[in-house]
Amino acid sequence: MPELPEVEFAKRALSRWFKGHKLVRTEAEKVRTFRDSDVGIFAALKGSLTHLDRRGKYLSLAFSDKLGFVAHLGMTGKFLKRPKGEEVRWSRARFFLDSGDVIHFQDPRMFGFIDAVPASELANRPAVAKLGLDPLVDTFDVAALQTALGKSKRPLKVALMDQERLAGLGNIHAAEALFRSHLHPSRTPASLSPAEWKALHKAIVATIQFALDQEGGSDDIEYVEEPGAKNPFLIYGRDGTPCRKCKTLVKSFTQAGRTTHFCPTCQPLHPRST
Ligand SMILES: [Zn+2]
């Protein structure tokens with residue numbers, strides 16, 4: 001499931017693909033990918049890419065004709081570049097380049113969306129305007145993290161996933177950051193010591209960087225949909241298997257409707273000293 005690192009990687013791929021090329025025309029399927037968006041605006045998109053931005057899990061693109069769109073990859077969305085004429089399964093929207101290549105917005109489950117708007121409205125779209133601190137875009141230090149999360153009364157992992165506080169972390173990378181910082185997912189922000197805030201900040205940076213390094217090589221991102229043999233994560237999806245650090249069996253429980261994975265030894269709920 002795409003979170004900040006995967007969306008950042010999609011942004012970098014789009015930047016490479018549009019570089020030196022013009023968008024000639026677009027094509028859209030009549031599916032819920034477009035929600036209430038003005039499909040007429042999407043159909044009119046053309047020209048060179050003048051703006052490409054990622055904030056949290058949202059991408060904003062604008063073209064020289066002063067039109068643009070906000071895209072969210074949802075659960076299964078991704079951008080792919082293919083030669084013209086090649087059929088792409090679950091392609092919901094297509095961008096035809098003057099090179100002959102076609103960029104597809106592929107989304108089997110259609111939880112992702114494209115919201116086409118005049119370029120001047122991109123930053124004001126409600127979903128984007130409400131986003132909190134972005135660890136790659138904004139100044140992201142311990143104090144900024146503490147300000148963003150500090151007043152939340154919710155469990156730490158739920159607070160980390162609150163896009164209006166911190167933009168970009170989802171179920172996977174929030175769990176990874178908590179494991180790296182030895183913090184139990186049910187701790188509250190108010191309970192963290194200065195040393196723990198520092199550790200959490202460092203862990204978030206490391207988690208994002210690790211994921212970006214993993215994605216670095218290829219244009220097509222393969223998301224890990226189900227935890228399995230090729231699970232690249234430290235804690236996510238590892239319940240019932242020995243912790244990679246201490247060999248205690250990894251546990252899971254449900255938090256705000258999502259499965260949370262943690263190590264009871266490495267991430268105690270009541271640490272001896274904080
Ligand atoms: Zn452990």
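Position 1 is the first residue of the sequence; numbering continues from there. All values below come from the heavy atoms of this structure, side chains included, with hydrogens, waters and symmetry mates left out. Start at 1 and go down the list; that is how both ligands and their atoms are numbered.
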(message) I'd like to know if Asp107 and Arg32 make a salt bridge, using a cut-off of under 4.0 Å between side-chain N and carboxylate O.
(response) no
Using a 3.5 Å cut-off and no angle test, enumerate the donor-acceptor pairs between side-chain atoms of residues 98-105 and protein atoms at least two apart in sequence or in another chain.
residue, atom, partner, partner atom, Å
Asp98, OD1, His21, ND1, 3.0
Asp98, OD1, Lys22, N, 3.3
Asp98, OD2, Lys22, N, 3.2
Ser99, OG, Asp101, N, 3.2
His104, ND1, Ser91, OG, 2.8

(message) With a 4.5 Å cut-off on side-chain heavy atoms, are Arg238 and Asn231 touching?
(response) yes
(message) Here's one to test your reading of the geometry: is the NZ or CZ of Arg92 within 45 degrees of the ring axis of Phe113 and under 6.0 Å from its centre?
(response) no
(message) Tell me the closest heavy-atom pair linking Ser152 and Ala159, and the distance in Å.
(response) OG-CB, 3.6 Å
(message) Is it the case that over 12 heavy atoms from other parts of the model lie below 6.0 angstrom from the CZ atom of Arg35?
(response) yes
(message) Check for me: within less than 2.8 Å of the Zn ion (ligand 1), which protein N/O/S atoms show up?
(response) Cys243 SG, Cys246 SG, Cys263 SG, Cys266 SG
